Student: 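Sharing a structure here in structure tokens format.
Excluded from the calculations below are hydrogen atoms, water molecules and symmetry mates; all remaining heavy atoms, backbone and side chain alike, are included. We name chains A, B, ... by the order of the sequence lines, and we start the count at 1 in each one. Note that the structure is a prediction, hence the values are computed from the model and not measured.
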Amino acid sequence: MIRLERLTKSFGATVAVDHVDMEVPAGEVCVLLGPSGCGKTTTMKMINRLIAPTSGKILIDGRDTAGQDDVTLRRSIGYVIQQIGLFPNKTIEDNICVVPDLLGWDRRRSRARAGELLSLVNLEPATFLKRYPKELSGGQQQRVGVVRALAADPPVLLMDEPFGAIDPINREVIQDEFMKLQAALKKTVVFVSHDIDEAVKMASRIAIFRDGRLIQYAKPDDVLAHPVDSFVADFVGADRTLKRLRLVKVADAMMSEPPRVTAEDTLERAVALMEEHGHVSIVMVGPRGRARGVVRLDLARGRRGTVGENHEPLPGIVAVTDDLRKAVAMMFQHDQTWLACVDDEGFYKGYITQRGITHLLGATYGKS
Amino acid sequence: MAASLPSFSRFALLALAFALGAFLQAQGLLPAMASYRGDVVYLVRGHMVLAAVSGALAIAIGIPIGILLTRERYRVLGATLAQVVNLGTTIPTLAILALAMTVFGLGAPSAIFGLTALTLLPIVLNTAAGLRAVPRHLVEAARGMGMRPGQILLQVELPNALYVILAGIRTALAIDVGTVPLAFLIGGGGLGELIFTGIDLNEPAMLLAGAIPTALLAVLVDWLVGLAQYALVPRGVNPLR
Ligand SMILES: Nc1ncnc2c1ncn2[C@@H]1O[C@H](COP(=O)(O)OP(=O)(O)OP(=O)(O)O)[C@@H](O)[C@H]1O
Ligand SMILES: [Mg+2]
């Protein structure tokens, strides 16, 4: 856990960080967000004391960092910078092992760990361990930069725009890789960004800064749904409601335990079920419950026969693990107002409607 | 490229040596030069001692000064030192030797002092330039990961500046070896004895018996430091490999 108490830094007349109070719970990713020059980097560098605070306190797990030896403190905090900062004179292996070596770890142990860490970010250890940084692509270097910060297994990680210099496609990939690592490692992360999309994607909490002051500190969905003022609203963008779609999983927005029919059911039964639920279509499932097709009310009404003879293919399917952004995109793409939702193995789990999504997003606005 | 350059320069050197040999033979100078062989062997030894001692002193003093010039906390001192060093480059070599002689008198100590002062300049300048060229973010990353200042210097700054530092040493030592003959003028010994006596007596064979080994020594030193540059600078920051 990291706590900032009335943290302030002035450079001469400029107040770069102005009485910031905030707390990052253990295992969470806190993204410091804001326009250029708002004090994000300064705040971060005060945590590992690269910059000494003018006033205020920083506590890590309840201990005031001012009372600790700077060097010892820094070795217990992972640090990733935008320029990556791999040492060009050292091999990848030696770069990863910088902090373990400083801490005097057994060499064989640290080198073995370097290999394991590399494979975690999909870099083949046999290929890369003995290379020099200049022999890696930008994206590969950035992965090594992240892994290097994790080498001595520090509980806290500071990352200053770590993916800023990478092209958008690779950035997404590296972000995903990092989130997977983070889900397993549960580090306490302070992450500087000026990209709202990145923040929404990575953050457990977002801290929005302006002119050195902390303006809003909340969960991503709260920041998007309830910006505290017009500055935050402008900063997160006019399409902030659409951005929220990314934060909700299909599983949380779908209607579960949906009515269903099988191939052997008669059309009468299908019509009866639809009328009972007020639906205009119903999903046909296979013998074990996989979504197979759909029967439409207007075509089924007044006709005889079985569902199996009269079904149509499903127009679109989303996985329950997808986010709403994907569901909405698929609805537009297939010109549908609803979609069947299935799990990883294709079993029919529920359905999601445009109206349901609108309602869900709207509900939180009603709250305020 | 890296491999072909030395072999090309070696070829050029051979060709030059051959042409020179042919010329000297034609002039009948070669047998005359051979008569100085005993002197040459003796003087080359003295020449090398002067160059080695002054070169080693210059490296031992120059690198620390270069490092000092780039330290944050000596910024003011650094600026002054840089001024002094720059001023040094404008003083003619002979003037430095003459000044040394007025302090230490005639003999090897004056020569070594003068030569060291002269050799110092490129080493100091290149050390400082090499260290300044190390990107700030590398130093910052090192600090952020918990390296102490000495560790940053040894593990990050010096390895990344080493190529430039050695380039300075290469130039400096070549100048050093080439300047040692002037030491003779203040009683320091070395191949200058043959060169200047040859001039005074208008004896080309004697002059050349001093000049040619001097040139060869300079080329040899240059080649040796080039090898060191290739071997010592880490592969990740070595433009030669
Ligand atoms: N060493 C320094 N000396 C003087 N002023 C500084 C120094 N470092 C930062 N500042 C000032 O403090 C303010 C905050 O800087 P900081 O680097 O924290 O911004 P930032 O939010 O990280 O911006 P960016 O997104 O551009 O990286 C700026 O106005 C900057 O000019
Ligand atoms: Mg910044």
Student: Need one label for A/V99: side chain, backbone, both or neither, based on atoms under 4.5 Å from any heavy atom in chain B.
Tutor: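 Answer is side chain: those atoms of A/V99 sit under 4.5 Å from chain B.
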Student: Does a sphere of radius 6.0 Å around CZ in B/R71 hold more than 12 heavy atoms from other residues, nucleotides or ligands, not counting ones at 6.0 Å or beyond?
Tutor: yes
Student: Work out which heavy atom in B/V237 is nearest to a heavy atom in A/P88; give both atom names and the distance.
Tutor: CG1-CB, 3.5 Å
Student: Measuring heavy-atom distances to chain B, does A/L103 have an atom under 4.5 Å in its side chain, in its backbone, in both, or in neither?
Tutor: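 It is neither, since no heavy atom gets under 4.5 Å.
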Student: For A/L50, is it the side chain, the backbone, both or neither that has a heavy atom under 4.5 Å from a heavy atom of chain B?
Tutor: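 Both backbone and side chain.
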Student: Between A/N89 and B/Q155 (side chain of the first, backbone of the second, donor and acceptor by atom type, cut-off under 3.5 Å), is there such a pair?
Tutor: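 Side chain of A/N89 to backbone of B/Q155: a pair is present.
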Student: With a 6.0 Å cut-off (strictly less than), is the heavy-atom count around CZ of A/F11, excluding the residue itself, greater than 12?
Tutor: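 Yes - once you tally the heavy atoms of other residues, nucleotides and ligands closer than 6.0 Å, there are more than 12.
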Student: Looking at side-chain heavy atoms only, is the closest gap between B/L138 and A/Q83 below 4.5 Å?
Tutor: no
Student: Counting neighbours of CZ on B/F113 that are heavy atoms of other residues, nucleotides or ligands and sit closer than 6.0 Å, is the number greater than 12?
Tutor: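 12 or below, so no.
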Student: Please round to the nearest 0.5 Å and tell me the distance separating atom NZ of A/K130 and atom CZ of B/R235.
Tutor: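 Between A/K130 NZ and B/R235 CZ, I get 11.0 Å after rounding to 0.5 Å.
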Student: Does CZ belonging to A/R111 count more than 12 external heavy atoms closer than 6.0 Å?
Tutor: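 Counting neighbours around CZ of A/R111, more than 12 heavy atoms of other residues, nucleotides or ligands fall under 6.0 Å, so yes.
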Student: Quick one: CZ on A/F87 to CE on B/M145, what's the gap to the nearest 0.5 Å?
Tutor: 3.5 Å
Student: For A/R148 and B/A141, work out which heavy atoms get closest and say how close.
Tutor: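 So the two residues come closest at NH2-CB, 4.2 Å.
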Student: If you count heavy-atom pairs within less than 4.5 Å of chain B, which of A/E135, A/K134, A/R131, A/R49 leads?
Tutor: A/K134
Student: Under a 4.5 Å cutoff for heavy-atom pairs, which residue among B/N238, B/L162, B/V156 has the most contacts with chain A?
Tutor: B/V156
Student: Under 4.5 Å heavy-atom distance to chain A, tell me which part of B/Q151 shows up: side chain, backbone, both or neither.
Tutor: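 The answer is the side chain of B/Q151.
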Student: So what's closer than 4.5 Å to chain B heavy atoms on A/D69: side chain, backbone, both or neither?
Tutor: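 It is the side chain, since no backbone atom gets that close.
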Student: Mind checking whether A/T91 and B/P234 have side chains closer than 4.5 Å, heavy atoms only?
Tutor: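 No, every pair of side-chain atoms sits at 4.5 Å or beyond.
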Student: Given heavy-atom pairs under 4.5 angstrom as the criterion, report whether the side chain, backbone, both or neither of A/P133 touches chain B.
Tutor: neither
Student: Given side chains that start at C-beta, do those of B/E140 and A/Y79 come closer than 4.5 Å, heavy atoms only?
Tutor: yes
